[in-house]
Amino acid sequence: MAEEEAEREYNRREETVALKKRFQDLTTVLRDSTDSAIDASASFCHGFCQILVEHGGQWKSEEDPLPLLEMYTVAILCFAEATPFLFPECEHVMVVLEKLALSCLDFLLALLDKIPTTLWEEFQSSVKVAHGILQDNGKLQLSILMTLANESGVWTNTTLCHILSNNMPDVEKVHELLAREGPTLLDMRIKHLIKQKCVEKAAVLAKTCAEFPEFCGKKNFKQIYLVCLCETMSQQELMQEIKEIDCKDALDMICNLESEENEKGALSLCTAFFKRQLLQGDVYCAWELTLFWSKLLIRLELAQAFLDQCRLLAQLSGSVYHILLLIKVIQAEVQNEGLPVCIEMCIQALKIGVSDNEDCNTTICKTISCLLPLDLEKRKRIAHEEDYFVDENGDCAYSKERFKTCQRLWEKIKTDTEILQDDLNKKILDSLLEFIKKCSLNFQSNVNDWASLMRANEIPTAALVLGVNVPDHDMTFQSLSDLLQKSVTPFAVSVQAKECATLKNLIQRLLVRLMGAAASVEDEEDFSISLPQKRLSCSMSALCQWYKTVAKKHNVESPGKKSSSGNSYSESPPVLVIFKDFEAFNSHVLQDFILICSRYIRELPLIFIFGIATSPSTIQHMLPHSVSSLLCIELFQSLSCTQHLATVIDKLILTSDFPFKLSGKVIQVLVSIFLYHDFSVRNFVKGMQLALLEHFYSEPLSVLCCAKKESLVYVQKLSHQDVEMVRQLPSFMRYVEAQDAQEQVQLLTNDEHVKVVCQRLLKDLRNYHKNYYPILYCLHTLTSSLPKYPLGKQIRELHISCLEKNVWEMNEYESAMQLLRLLAKDELVTTLRKCADILKPGKTKKMRSALQQLEDYIVKFEQLDSMSVEDLNEEELNSPGKDLQKKTDLFQLQKTLMEMKSTRRSKKMSPFEVLRNEALGVIDGLVRSHLTPPELQPLYEVCYYSSSGILRRHLNATPRTSIQTALSHPFYYLQNVSLKTDAGTVSNAAPDICIAYKLHLECGRLINLYDWLEAYATVASAADGKDPDSEEYGRVDELKHARFIQAVSELEFLGFVKSTKQKTDHVARLTWGGC
Amino acid sequence: MSSGAALQCSGYPEEKLQALTPILMCREAQAETLLTLMGEPDQYSYPSVFIYGHRATGKSHVLFTLLTELQIPHAAVSCVECVSAGLMFEQVLSALFGVDAASLLPRSPSLSDFVRVYRQACLQHPAQETRYIVVEKAELLRDMEVNLLPALLRLQELVDDNVTVFLLSEIVWEKFRPNTGCFEPLLLHFPDYTKAELLHILSRDTHPSYTPELYMSYINILLGVFYSVCRDLRELRHLAALNFSKFCEPLEKGEARESDTHKLWKNIEPHLKKAMQSVYLREVSSAQWEQQQTDEKEATALRGLSAHAHVELPYYSKFLLIAAYLASYNPARTDRRFFLKHHGKIKKTNFLKKHEKTSNHLLGPKPFALDRLLAIFYSVVDSRVAPTASVFSQISSLVTLQLLTQVGHDDQLDSPKYKCAVSLDFILAISRTVSFDIVRYLYDFL
């Protein structure tokens, strides 16, 4: 063991000697060097460092520090000896010396074990020698080491020990120590203490240093002290300690720490100050603190921990301002993740804010609304829709089912109408497509033909006449552009007038949309070509350039691509510009645009589509000949909107597929809005949607309005309450009354019985509908060919009259039947055939028997052909025409005519006539049995929506009437009992504007403002309950004056009066009539 | 009209000028003047030249032929394309000095930016010969920044370079001259082509498979029909191309020979007359016209654009339009007579002021206030109509359909004024559909 020890000792000696030798060699080299002084010094420093590093690497300072100490001793001495030969101004020398001193110091401070005295003494002596040499050369880098070397050990100074054990010695002694050691050494000491986890000691030392006046501003002892405090002390003590410190200084310290990469320290210091501010509710430097804090925290922690910290701090906070700042940093750092916490904080802030002021609350509410993303609101609303349906009808258990049925039916209506529209548009779209394809072919093949060389280059243009129902056009254009993109070209752009107020806007739109479209088409390829490299100059030539590159690319790729992607575009796909609302465009913009385009038509295959609402002649009104001669216009006319409506009604209303029905009045409202106001099928369908919603919302029993099976199930599930509701239905009551007494009792007392009956009645209702519609169509085919259309030209008119009353009781029906009785045979047979065709798909028994009857009659009519014509001749012989001539007396003539009429009835008719009457009798019978109004069907309320008033109010609003109602009958809207008055009068408690309005109705065209004010003041005083005899009564005080002026200006705003210059102090009335 | 002496101008190769002569047929005089104005390549030219003349009189053709064939540096811009002056500057710079110079311009450059960049570029590429800037459709310059036109006129001075600006326009210089005065450019007029010149030019486009004489005679017939209505060379050439196949039909079928001029004339004349009424007015598109010639059968089936004048309108819209028409064409003072039940007898002669006695239809529609429109509307419509929102929205949709026009500013909320923009025929057709006898209500027809 001892041997080993001795060996190590020997090794160490050996090493030290070797080291000394190396340093001396180095010094010799330096001394003998022939290089310039600077170079020689530099190479010396370099070699010196290398030796130190090599040598020092052999030992580990933690395990065996002594060899290192020895090494430092040798190194310092050697360097000092070499100093005289070194070039004094060489920067390397300074640096090496300084580093050497500091690292040695560092090493010494880290030494905890006691250093062997011999070694220490050796060190002391060599440092002294070295310092002496260096001092002679004017270098003081070793002075710190010297200070240390004067002591008996590194940490052994008594004063220091006292300080560290928090046992304050005399101030003078302390000062002497501090002055001797200097800030650098002390700083290093403190850092070592912190490193060795003696934070408290470090704190004490740092505090002492911070309080020493000579060090003021040096080395941030204060900052170190505070960091130490943060680690050791409790919250309260800390607060006490940092109470006095200015936030600005704190911010500086935090920045310093951060730049020293002591993030933890910075964070703890920052947290401490932030907490202080929060607790004090102080907003001084609050934003900087919050920002620093959040930035530091998010560097060190995960988002979740960050949010937790935020929440904790927000709870500490007493001021809304701090919370808002926190929300801001949360938004900046973690965005959506922090949303719940933010909202929580907002709520907290609102709680605080209640006691504060109004402004604050609005700010918070605004913050919340900014925080909530749009889709969240939307989600809320969708959920809300159903809730709304459910909540309002809490009494009924089926609101959810009703809502679902309603949604389902609406979906069906929507898809059906869309399909219908596509079908109707198919023809025009196909021809349009053909035109465009032809044009794009022309573009490619127009080069060499003589005629096309001579011809001016016109821009192919399709004038698409769509009718005035502008709201419907969107769908058409949508399907058009879909179709085009699918089959002809990716470059189809639609523009609207409102976004193209100037030519520049138009071209900009065009460019942006085209180039954007190209980018999306070729997603997988590089963007660099499709996106313009430098700023996009908005000109057609830019577009032209772009098109060339894109088309070229297209061509290069198309051979390979065609097979794989099925891209059916032609080689140079045309660029389509769709002007959605041609009439609304500024004609100058259009003209200029067409002029520009015509300049580029050879390079850019443009095709225009004009969406025209009125008539094609508008093109000529808008474009002068010089411009229209640049276009090659072809006309495409779409189906008229009335036809469109007829098909929609056929599909949606005149069918038994939809359980939901509209009553006659409702249909009339919808149709009249269509015909009188807008011609828009889309709005018609929207109206139906409203009716649908209203029906399912307001009628609890509408739960039964669904497919057959489901409705039967729901009937079974009806509660007692629901059954009561069924009993209260007028149609059901009528049904009950028609039953015998025993059945009535059953129906009124036994719920189960009612359910069974309901099931039967619902089936009957379905059958009624199944029979109703075919017969309706039959009747319409029969009557629509009659002159003057006694029962209406459109089937919807017939339908409405059938819905409202017994159609056979109408005079028009009677006259129609009479006209039918005069029909010629072949006409009658063809219409009967049509009727038979209509009845064929009918599935109910009654329909089949009706069909059978009709077919029999058709056969019989045909058999008539083969009968002899004798009967007809006979009839002619009997004609009484010749008798007429004899009579001359007017009275006699009339009498004879009457007789003739009666005799003709009784007279034998031809077989055809007999058959015709029979056939029509059958039809009449069918009408009478099947076209009864639905009101007579029990439970019709389940399926029929009949509140036309609501629908009219919603769809065809009358703002003016509403305003007048509000002004003349405030009770109507305010529902305040004190406002309830007889018709034509206004209570004096009514709002000022109502009183002013009422008073102004009594005036003529010009109103004297002062008279008006007087009258108003009288009424207002009455409202205040003043005694009519007192002097105060009717006097105009400031308040009344102000109220009056406000009321008048409100009336002016609503357009009832306006100021006039005709007479001073008068206003003019803008409405007619009085009360 | 044989071409005169070849163009002459020193400084340009003789043979090139020689080659130009047939291309610039019938415009030799103007070309000569231009060449004299331009002078030799390195000579300074007059700062600005204003060239005017009707459409298709060869202004651009002559100028560009000279500039391109003689390889003279030039920049061509069309004002209709330059939605902003910046675009024009960019085009000029990139044409004269390349794209790099144009990219020096800042965003939305001003005139002084342009001059600055031009001077910079000029230093790098000093002028060897005169540069030319050709501005087409110069009449639009008047609508751009006020300083642009005067600056272009003396650009030579401003940029201190050998540059000349040509302004091409269809209207005369007098309409250009700004109030503040400006540098007067040289004026050069391009007169219309005479009939003989037109014939000469048009007959150069001979169809390869027929003799030039035949084509010449065809053009002669064509001009005989169209010369009275159209002297636009471009349009005439277009029409000639469209109808030539019809002219050759008898030849193809073997019914006539090229010498049977009368027969050919008989064949083509009515056809051309029809063309004048339809395809020339673009009632029928050129493609449809050609289509029609190939399949003779449905020749009558095609209807022109103006044949589709009928517009379907909602019921109340029709009445609103009728009311608007009445309000526009009847003096307001006569409303009482037409729309009140117990109006007194009004004698036409004494009742009206002098200017109201002339036909209102000759004077055109007059503006009317919304109130008056609604008052008339309520009195002409037969049923009671609630003043619903959709009635008001119909008025504005009539405005977007350009059947009514709003007078004054769009955002005028307070009593907007309108004019009725439809013709008497249109309103007669509309009122017929609602069986309303509008003539009885029109003051002019009383």
Side-chain angles (χ1 to χ4, degrees), chain A residues 450-456 458 460-461 463 465 467-468 470 502-504 507 534-535 537-541 581 583-584 592 595-596 599 613-622 625-626 628-629 631-635 637 640-642 673-679 956-961 1058, chain B residues 55 78 80-84 86-87 90-91 103 107 137 140 205 207-209 232 234-235 237-238 240-242 244-245 280-283 285-288 290 303 305-317 371 385-394 397 400-403 414 421:
Chain A
W450 174 83
S452 47
L453 270 181
M454 288 303 110
R455 264 180 62 174
E458 292 169 311
T461 306
V465 182
V468 293
V470 180
T502 62
L503 182 61
K504 196 173 175 184
I507 293 181
K534 64 171 203 151
R535 89 193 136 104
S537 65
C538 261
S539 64
M540 283 302 272
S541 51
D581 37 1
E583 280 94 345
D592 286 351
L595 280 176
I596 296 175
R599 291 168 59 93
T614 51
S615 74
S617 49
T618 31
I619 298 179
Q620 287 162 337
H621 293 157
M622 286 183 67
H625 180 249
S626 61
S628 66
S629 68
L631 302 175
C632 178
I633 305 167
E634 218 155 297
L635 192 63
Q637 195 120 25
S640 87
C641 48
T642 37
I673 289 177
F674 176 86
L675 289 179
Y676 287 160
H677 292 298
D678 56 6
F679 269 177
N956 208 358
T958 55
R960 196 146 205 167
T961 324
K1058 70 171 185 185
Chain B
R55 254 155 66 85
S78 168
V80 71
E81 246 182 283
C82 299
V83 286
S84 62
L87 220 53
E90 206 177 298
Q91 285 182 13
S103 62
R107 270 184 89 82
K137 299 222 185 278
L140 290 168
D205 312 322
H207 195 283
S209 30
D232 186 339
R234 183 177 163 279
E235 195 71 359
R237 179 178 282 158
H238 180 68
L242 283 186
F244 188 59
S245 63
Y280 169 62
L281 296 174
R282 294 303 191 278
E283 290 274 320
S285 79
S286 316
Q288 280 171 323
E290 282 181 326
R303 293 202 299 159
L305 289 180
S306 54
H308 300 265
H310 173 65
V311 177
E312 268 189 82
L313 286 173
Y315 190 70
Y316 289 151
S317 294
D371 291 344
V385 189
T388 57
S390 45
V391 169
F392 290 99
S393 75
Q394 278 178 61
S397 56
T400 41
L401 295 179
Q402 297 200 329
L403 299 174
D414 188 29

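Interface check for chain B: of the options G467(A), P460(A), C632(A), C641(A), the most heavy-atom pairs under 4.5 Å are formed by C632(A). If you tally non-hydrogen atom pairs under 4.5 Å between each of F392(B), Y316(B), F244(B) and chain A, the highest count goes to Y316(B). The most heavy-atom pairs under 4.5 Å with chain B, out of A957(A), A584(A), S640(A), come from A957(A). Comparing M622(A), E634(A), M540(A), R960(A) by how many heavy-atom pairs each has under 4.5 Å with chain B, the most go to E634(A).
Residues D581(A) and T400(B) have side chains not in contact (no heavy-atom distance under 4.5 Å, counting atoms from C-beta outward). Between E81(B) and L595(A) there is no side-chain heavy-atom pair separated by less than 4.5 Å. Using a 4.5 Å cut-off on side-chain heavy atoms (C-beta onward), P314(B) and V468(A) make contact. Under the 4.5 Å side-chain criterion, counting only non-hydrogen atoms from C-beta, H621(A) is not in contact with Q402(B).
Taking OG from S397(B) and CG from D678(A), the interatomic distance works out to 9.0 Å, rounded to the nearest 0.5 Å. Atom OG of S541(A) is separated from atom CD of Q91(B) by 5.5 Å, given to the nearest 0.5 angstrom.
Looking at Q394(B), only its side chain comes within 4.5 Å of chain A, counting heavy atoms on both sides. Contact of H677(A) with chain B is made through backbone and side chain together, with heavy-atom distances under 4.5 Å. For I673(A), no part sits under 4.5 Å from any heavy atom of chain B, backbone or side chain. If you measure heavy-atom distances from L675(A) to chain B, the contacts under 4.5 Å come from the backbone alone.
Checked against T388(B) for a side-chain hydrogen bond (donor to acceptor under 3.5 Å, both in side chains), the options T958(A), N956(A), T961(A) give a single hit: N956(A).
In this structure D232(B) satisfies the side-chain hydrogen bond (donor to acceptor under 3.5 Å, both in side chains) test together with R55(B), sequence neighbours excluded. Scored by the side chain to side chain contact (heavy atoms under 4.5 Å, CB included) test, A421(B) finds T405(B) as partners (sequence neighbours excluded).
Nearest approach of P387(B) to P959(A), heavy atoms of both residues: O-CD, 4.2 Å. Here the closest heavy-atom approach between residue E583(A) and residue L401(B) is recorded as CG-O, 3.8 Å. I596(A) approaches V80(B) most closely through the heavy-atom pair CD1-O, 3.3 Å.
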